[in-house]
Asks: 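I am attaching a structure below and will ask some questions about it afterwards.
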Protein chains: 2
Amino acid sequence: MTTATLTCNHCQFNTLCLPGHLGHNDVELFQRHLQRTPVFHKGDNLYKTGELFSGIYVVVSGTVKAFKLDASGQKQIIDFYHAGEVIGLDSISSDTYKTTAVALDTCVLCKLPFAHFDELSINIPEVARLLLNLMSSQLNNTSIVHLNLNQKTAQQKLAYFLIELDSRLKNRVTSANSFILAMTRTDIGNYLGLTIETVSRFINKLQKDNLIKITGKQVEIIDLNGLKQLVEQ
Amino acid sequence: MTTATLTCNHCQFNTLCLPGHLGHNDVELFQRHLQRTPVFHKGDNLYKTGELFSGIYVVVSGTVKAFKLDASGQKQIIDFYHAGEVIGLDSISSDTYKTTAVALDTCVLCKLPFAHFDELSINIPEVARLLLNLMSSQLNNTSIVHLNLNQKTAQQKLAYFLIELDSRLKNRVTSANSFILAMTRTDIGNYLGLTIETVSRFINKLQKDNLIKITGKQVEIIDLNGLKQLVEQ
DNA sequence: CGTAAAATTGATTGGGATCAATGCGTGTGG
DNA sequence: CCACACGCATTGATCCCAATCAATTTTACG
């Protein structure tokens, strides 16, 4: 894992990423602490559960999934991450990573090593506040996920998953209501607490009901409001 | 909501609470920003969703639940909070509270108003790092909850709920494997994504299987390892 | 191509929801 | 102090949604 010279001001994602909330001069300082990592390929681990915590990552392009294993070795996917999103915030308080993070396709990432954190937060007090806000909104997001999965039917869960994905990809990767699922049906099922067969059947049903159009991994949202209505029933 | 003079160093919860991680001198500074709130009674709101965000709370004694409402007005309980635990971290990044927080019994709380936050984090840089750690471990906890609820049976969910509650109450409220459920069966069901009937049936089953002893709201954990084994199947 | 993983589709089963009735406990007013 | 009421909890009977089991089909990739 080598370091590459990096200028946030020229990065296409600078408004989405951490520096997007900093002043121009602070960005200059900030980017000295950032490392552009080498490309991760499909299946590569960013880090594994229990590995020494060395910093957080920002997705520049590609998709990452993070999962935990329970005591009996069963996998539970915690989240999927896309361009502009920050990975590893749940491990800051520990000296080891709390999940395993895997690239689902070809991924470019920036890493903020946390050895520099104390120095950084003295130089740029706003960075601490920035991270605080970021983590706070991630906490709120996990509650929203809980709200939308815990007492819902399979169809509602799937509809919510697609809405959520669409909303997270918009203004980041694509602006159209059309995107590619980087994850398998098995991954979707695992995340939502459904079997692969149920995922398959209800994706199909959403298509029959003219809410989406799906061809393999290519999804097009036909009727976003229809999907939202489904979830809100 | 009036302020009361407060000395963290004399508080019985000072090792559990935020100041527990600060040096003695920092605590002196820190407690000037803290307010001991008046007592909240059963059913009282600490704050409501959408209300202006004014700060975070620490539970000194009692139990608080936080919930969200979905678009159709259905409630989803996000978490229960006990002595030493911090409430409202999911609202820091916003100017309004993201959940509604309600006292389940008589509650004493301390409030850290966030108007003072910037001043505070300049005087005590460790406070920012402390909050960062706190939020990070809360993020990790929500993942653990997801892991233990998403693909589990009703019995496993309930077993996990009791284990989790026991672990959070230990070294805080009580050291025995015995405690009182401040929440109703309806609340438990809502949190776990089960109906009240299912909660009732499986609490009963856990008792029949000699894993717990339950009389109304009084719970005694008889076989903690047995409960853990159930969850880990 | 050829093989394996991923996904679809159908038949059947089962766990927890729903419907329904009763029991318990606590607070209120006569 | 008791009677009543209302919310909360328990218990039983039935139903239904999604899991499971099983058999292909499709896709990805060396």
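Below, read A as the first sequence line, B as the second, and so on, with proteins coming before strands; counting in each chain starts at 1.
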Asks: NZ of B:Lys205 versus C1' of D:dG12: gap in Å, rounded?
Replies: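 Atom NZ in B:Lys205 sits about 18 Å away from atom C1' in D:dG12.
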Asks: Nearest whole Å is fine: how far is D:dG7 P from B:Leu104 CG?
Replies: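 It works out to 18 Å between those atoms.
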Asks: Tell me the salt bridge (charged side-chain N to carboxylate O under 4.0 Å, His left out) pairs involving residues 210-229 of chain B, sequence neighbours left out?
Replies: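 Sorted pair list comes back empty.
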Asks: How close or far is atom C1' of D:dA9 from atom CD of B:Gln218, stated in whole angstroms?
Replies: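 Going from CD in B:Gln218 over to C1' in D:dA9 covers 17 Å.
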Asks: With no hydrogens and no angle check, is any side-chain donor or acceptor of A:Thr49 less than 3.5 Å from a backbone partner on A:Thr100?
Replies: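 Checked: pair present.
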Asks: Looking at residues at least two apart in the chain, or sitting in another chain, which of them share a side-chain contact (heavy atoms from CB on, under 4.5 Å) with A:Ser136?
Replies: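 For A:Ser136, the residues satisfying side-chain contact (heavy atoms from CB on, under 4.5 Å) (neighbours in sequence not counted) are B:Ile92, B:Ser93, B:Met135.
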Asks: Quick one: B:Leu181 CG to D:dC8 C1', roughly how many Å, whole number?
Replies: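 The answer, rounded to whole Å, is 14 Å.
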Asks: Please classify the nucleic acid contact of A:Gly189 as base, sugar-phosphate, or nothing, using heavy-atom distances under 4.0 Å.
Replies: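 Contact class for A:Gly189: none.
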Asks: Please state how far atom CG in A:Leu194 lies from atom C1' in D:dC17, giving the value in whole angstrom units.
Replies: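 In whole Å, D:dC17 C1' and A:Leu194 CG are 11 Å from each other.
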Asks: Report yes if some heavy atom in the side chain of A:Thr186 is under 4.5 Å from a heavy atom in the side chain of A:Asn190; otherwise report no.
Replies: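 With C-beta onward as the side chain, the pair stays apart.
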Asks: Any N/O pairs under 3.5 Å between the protein and nucleotides 6-10 of chain C? List them or say none.
Replies:
residue: C:dA7; atom: OP1; partner: A:Arg185; partner atom: N; Å: 3.3
residue: C:dA7; atom: OP1; partner: A:Lys217; partner atom: NZ; Å: 3.2
residue: C:dA7; atom: OP2; partner: A:Arg185; partner atom: N; Å: 2.9
residue: C:dT8; atom: OP1; partner: A:Arg185; partner atom: NH2; Å: 3.1
residue: C:dT8; atom: OP2; partner: A:Arg185; partner atom: NE; Å: 3.1
residue: C:dT8; atom: OP2; partner: A:Ser200; partner atom: OG; Å: 2.7
residue: C:dT8; atom: O5'; partner: A:Ser200; partner atom: OG; Å: 2.9
residue: C:dT9; atom: OP2; partner: A:Asn204; partner atom: ND2; Å: 2.8
residue: C:dG10; atom: N7; partner: A:Arg201; partner atom: NH1; Å: 3.0
residue: C:dG10; atom: O6; partner: A:Arg201; partner atom: NH2; Å: 3.4

Asks: Using the salt bridge (charged side-chain N to carboxylate O under 4.0 Å, His left out) criterion, which residues pair with B:Lys152? Sequence neighbours excluded.
Replies: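 Expected list: A:Asp70.
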Asks: Please collect all salt bridge (charged side-chain N to carboxylate O under 4.0 Å, His left out) contacts where either partner lies in residues 71-89 of chain B, sequence neighbours excluded, each pair once.
Replies: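 Sorted result for residues 71-89 of chain B: B:Asp79-B:Arg168, B:Glu85-B:Arg168.
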Asks: Decide yes or no for B:Gln155 and B:Leu230: does some side-chain heavy atom of the first lie under 4.5 Å from some side-chain heavy atom of the second?
Replies: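 Of all side-chain heavy-atom pairs linking B:Leu230 with B:Gln155, at least one is under 4.5 Å.
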Asks: Check whether B:Ser91 reaches the backbone of B:Phe53 with its side chain - one donor and one acceptor, N or O, closer than 3.5 Å.
Replies: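 Judged by distance alone, no pair lies under 3.5 Å.
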Asks: Name every residue in residues 145-163 of chain A that has at least one heavy atom under 4.0 Å from any atom of DNA chain C, in order of residue number, or write none if there are no such residues.
Replies: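 Those residues whose heavy atoms fall under 4.0 Å from DNA chain C, taken from residues 145-163 of chain A, amount to none.
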